[in-house]
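Residue numbering restarts at 1 for every chain, and letters A, B, ... go by the order of the sequence lines.
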Amino acid sequence: MPLLFLRSALCASSSAASPPFAAANVANNSSSLSSSDLSVAALLSSCRSLRSLEKIHARIIRKGLEQHPVLATRFLSLCAAFAASAYASAAFDRISAPNLIIWNSLLAAHARHSPLSTTVALFNLLRRRSPLPPDAFTFPSLLSSCSQSAAFAVGSSVHATILRCGLESDVYVGTSLIDFYGKCHDVGSARKLFDSLLHRNEVSWTAMVVCYLSSGELAPARSLFAEMPQKNVVTWNAMIDGYVKSGDLVSARELFDEMPKRNTVSYTTLIDGYAKAGDLASARFLFEQSTERDVFTWSAMISGYAQNGRPGDALKIFLEMYNKNIKPDEFIVVGLMSACSQLGSLILAKWVDSYVRTSSLDISKTHVLAALIDMNAKCGNMERACSLFESMPTKDLITYCSLMQGYSIHGAGEKAVKLFCRMLKEELVPDHVSFTVLLTACSHAGLVEEGKKYFELMKNAYSIVPSADHYACMVDLLGRAGRLAEAYDLIKSMPVEPHAGAWGALLGACKIHGDIALGETIAKRLFEVEPTNAGNYVLLSNIYAVKDRWADVWEVRSMMRRKGIRKVPGCTWI
DNA sequence: CAGGCTGCAT
């Protein structure tokens with residue numbers, strides 16, 4: 001798209017016979033900026049979006065300033081900022097004799113947003129074609145590309161080149177090397193470089209602190225942090241993130257409260273930490289405290305709620321953000337879709353689906369697509385879920401499970417089983433989650449023999465040790481089918497401690513099939529495991545009620561009163 | 001004379 005734009009702009013401004021920039025070359029041989037050129041420079045420095053950069057580019061071409069080295073450099077830097085590396089290359093290719101600075105700018109644009117192989121290829125081109133050999137500005141971006149991919153071999157050879165060029169003692173180069181070795185988990189080499197650096201700034205120190213943190217060495221990280229002559233927000237944030245990732249939210253919070261200045265990263269890091277630890281109250285408190293919020297901050301709060309089973313709150317935060325005209329990114333949309341899945345609302349799902357479709361977000365990214373399929377499946381739009389599923393080039397376990405679960409929820413157990421078979425044919429290896437989904441589907445659809453078959457298959461063919469969940473599924477399956485004794489035998493034979501779900505499933509089955517004796521036994525166990533769950537008491541009293549044993553009904557009710565257990569209205573969906 | 005580089009959340 002940018003390339004097409006460039007072509008049409010060029011065609012419009014030049015005759016077909018002469019190269020588009022031939023005249024401009026002559027005009028700008030003295031590389032000083034005239035007053036009208038300065039206006040373009042001013043435009044570049046106030047440029048805030050790719051759209052406006054494209055407009056400025058057109059102006060540059062029209063004025064014949066395409067060859068101007070300073071303008072070209074600024075232009076390429078902006079391409080880097082807007083992640084438009086292809087656009088950068090297209091513009092670069094029009095520059096007849098790029099100097100080293102321009103080469104460096106192009107390399108930086110690719111280092112951030114292109115694969116390492118592309119960046120390395122570009123670096124090799126630079127070495128052959130640039131009028132000057134690479135300098136201290138060349139290597140930092142190349143190395144950061146190596147760091148991103150943790151490409152030890154490539155980075156090491158770059159290091160060798162740096163030594164040959166005699167650039168190892170440059171702060172920027174040295175810092176990039178420290179970061180590179182850190183990202184490759186070679187803390188020793190990183191530390192050696194750090195100690196050998198004559199000039200260090202807070203970036204070098206921070207890079208070293210991050211090295212320790214990313215290999216889990218909290219103590220040396222903290223003492224280096226304490227030793228630092230200068231710290232800035234990034235340093236504090238890095239240290240806080242280290243504590244968050246190690247699960248020490250108390251230390252993280254102490255630093256957060258202590259730091260002199262906070263930015264959105266500071267808030268987001270801690271909000272995310274609290275949310276992942278399930279402390280949504282603290283997360284929300286900080287969220288409310290944060291005056292500036294970016295997409296990361298909103299996303300942390302939205303997915304925090306979604307991942308902790310509070311879809312309604314996730315939705316509320318999303319709407320608050322939406323009303324502020326902030327553009328959601330893919331992560332926010334994934335959180336939103338996960339909230340919708342939990343709510344199971346078809347209307348909401350349809351709105352979100354069409355919203356995502358019309359937005360400029362990239363739906364084909366696997367996690368977005370997975371969330372979209374999951375949402376549609378769980379909200380009952382199986383047609384849409386299926387067509388999205390079929391559009392996937394390679395299907396994964398997670399997506400198969402989403403679809404199977406969709407069928408299961410909506411009573412089409414046979415289809416879930418069929419899908420499972422197809423999954424096996426595609427040579428995907430089911431894990432314990434897939435079997436939980438499959439067995440649940442079998443139990444919902446009353447497919448007793450299938451369920452038993454797959455339970456055995458799981459143990460024998462896939463060597464998966466059945467979890468309490470798997471047993472609960474099987475107990476439910478057998479119980480619903482009226483095979484209460486078999487279910488009870490299974491629960492008694494469990495090598496793991498049965499959880500309330502298994503007992504509850506059996507108690508429910510006792511109610512359906514009116515087995516009072518077994519019901520009483522089960523209920524007794526269940527009251528031990530889950531003494532405060534009103535549902536269990538209600539279930540037992542209902543078992544009595546079906547057989548008109550009103551005295552026993554009364555006894556259960558009074559037991560509830562004695563224990564101070566209250567029935568939650570409208571919450572009897574087991 | 002100008003213009004290019006490194007470290008923290010996804």
Side-chain angles (χ1 to χ4, degrees), chain A residues 30-33 37-38 41 44-45 68-81 88 98-109 111-112 126 130 132 134-147 167 170-180 182-183 190 193-194 197 199-211 213-214 225 228 231-245 252 255 259 262-273 275-276 293-300 303 329-332 334-335 365 367-368:
Chain A
S30 73
S31 52
S32 66
L33 287 167
D37 305 344
L38 279 171
L44 281 172
S45 38
H68 198 289
V70 176
L71 293 180
T73 304
R74 285 212 194 159
F75 174 81
L76 292 175
S77 303
L78 285 167
C79 287
N99 62 26
L100 178 60
I101 297 178
I102 294 174
W103 272 104
N104 284 343
S105 306
L106 179 69
L107 188 73
R112 276 205 171 284
L126 178 152
S130 163
L132 292 172
D135 65 3
F137 284 86
T138 314
F139 293 101
S141 38
L142 178 60
L143 280 169
S144 99
S145 188
C146 297
S147 306
L167 291 168
D170 178 84
V171 213
Y172 281 79
V173 176
T175 302
S176 306
L177 279 169
I178 291 169
D179 181 57
F180 162 72
K183 293 278 170 4
L193 274 154
F194 177 78
L197 268 189
H199 305 286
R200 305 168 188 150
N201 55 24
E202 63 257 51
V203 182
S204 332
W205 283 84
T206 305
M208 195 60 231
V209 169
V210 170
C211 282
L213 290 176
S214 51
F225 178 81
M228 284 177 70
K231 300 182 192 62
N232 57 28
V233 223
V234 178
T235 322
W236 286 90
N237 289 343
M239 196 65 225
I240 289 171
D241 186 55
Y243 279 125
V244 167
K245 291 228 165 80
L255 283 183
M259 68 195 289
R262 289 174 273 270
N263 63 13
T264 55
V265 180
S266 329
Y267 280 94
T268 305
T269 304
L270 205 48
I271 289 171
D272 202 53
K276 292 226 164 77
R293 293 171 193 161
D294 58 14
V295 276
F296 291 85
T297 323
W298 289 99
S299 179
S303 41
D329 66 0
E330 52 185 284
F331 295 93
I332 288 175
V334 168
K365 289 203 173 169
H367 62 296
V368 180

Please tell me which of the listed nucleotides, [options], lies nearest to the side chain of [X]?
| X | options | value |
| --- | --- | --- |
| V203(A) | dG7(B), dG3(B), dA9(B) | dG7(B) |
| R74(A) | dG3(B), dT10(B), dC8(B) | dG3(B) |
| T206(A) | dG7(B), dC5(B), dG3(B) | dG7(B) |
| D135(A) | dC8(B), dT10(B), dG4(B) | dG4(B) |
| I101(A) | dC8(B), dG3(B), dT6(B) | dG3(B) |
| F137(A) | dC5(B), dT10(B), dA9(B) | dC5(B) |
| V234(A) | dT10(B), dC5(B), dG7(B) | dG7(B) |
| E202(A) | dT10(B), dG7(B), dG4(B) | dG7(B) |

For [X], which contact category applies under a 4.0 Å heavy-atom criterion: base, sugar-phosphate, or nothing?
| X | answer |
| --- | --- |
| V265(A) | base |
| D170(A) | nothing |
| K183(A) | sugar-phosphate |
| S299(A) | base |
| A72(A) | nothing |
| T138(A) | nothing |
| T268(A) | base |

Next item on the list: Give a yes or no on whether a donor-acceptor pair under 3.5 Å exists between the nucleobase atoms of dG4(B), that is its base, and the side chain of S105(A).
Entry: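 When only heavy-atom distances are counted, S105(A) does not reach the base of dG4(B) through any donor-acceptor pair under 3.5 Å.
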Checklist line | Distance-only donor-acceptor test, N232(A) side-chain atoms vs dG7(B) base atoms, 3.5 Å | finding: yes
Write down the distance between [atom1] ([X]) and [atom2] ([N]), rounded to a whole number of angstrom.
| X | N | atom1 | atom2 | answer |
| --- | --- | --- | --- | --- |
| L100(A) | dC5(B) | CG | C1' | 11 Å |
| L197(A) | dC5(B) | CG | P | 20 Å |
| L38(A) | dG3(B) | CG | C1' | 13 Å |
| W298(A) | dA9(B) | CH2 | P | 23 Å |
| I240(A) | dG7(B) | CD1 | P | 19 Å |
| I102(A) | dG3(B) | CD1 | P | 14 Å |
| L107(A) | dG4(B) | CG | C1' | 10 Å |
| M228(A) | dC8(B) | CE | C1' | 12 Å |

Next item on the list: Mind checking salt bridge (Lys or Arg N to Asp or Glu O under 4.0 Å) for D170(A) and listing every partner two or more places apart, or none if nothing turns up?
Entry: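 Salt bridge (Lys or Arg N to Asp or Glu O under 4.0 Å) check on D170(A) returns nothing, list empty.
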Notebook entry, point to check: Considering only heavy atoms from C-beta outward, does the side chain of N99(A) approach that of I102(A) to under 4.5 Å?
Noted result: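 Yes, close enough: below the 4.5 Å cut-off.
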Margin query: For a 4.5 angstrom cut-off between non-hydrogen side-chain atoms, does H367(A) reach E330(A)?
Written below: yes
Notebook entry, point to check: So, for F194(A) and W205(A), is the gap between ring centers shorter than 6.0 Å?
Noted result: yes
Item checked: Any K245(A) side-chain N or O less than 4.0 Å from OP1/OP2 of dC8(B) -> no
Indicate every side-chain donor-acceptor pair of residues 72-79 of chain A with a distance under 3.5 Å to a residue at least two apart or in another chain.
| from | atom 1 | to | atom 2 | distance (Å) |
| --- | --- | --- | --- | --- |
| T73(A) | OG1 | P69(A) | O | 2.7 |
| R74(A) | NH1 | A41(A) | O | 3.1 |
| S77(A) | OG | T73(A) | O | 3.0 |

Notebook entry, point to check: Does the N232(A) side chain pair with the main chain of T235(A), one donor and one acceptor, at a distance under 3.5 Å?
Noted result: yes
Check: Quick one: do the S176(A) and D179(A) side chains pair a donor with an acceptor below 3.5 Å?
Finding: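 Per modelled atom types, S176(A) and D179(A) side chains form no pair under 3.5 Å.
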Next item on the list: Measure the distance between the ring centre of F139(A) and the centre of the six-membered base ring of dC5(B), then answer whether it is under 5.5 Å with planes under 30°.
Entry: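 It does not: the ring fails the test against the base of dC5(B).
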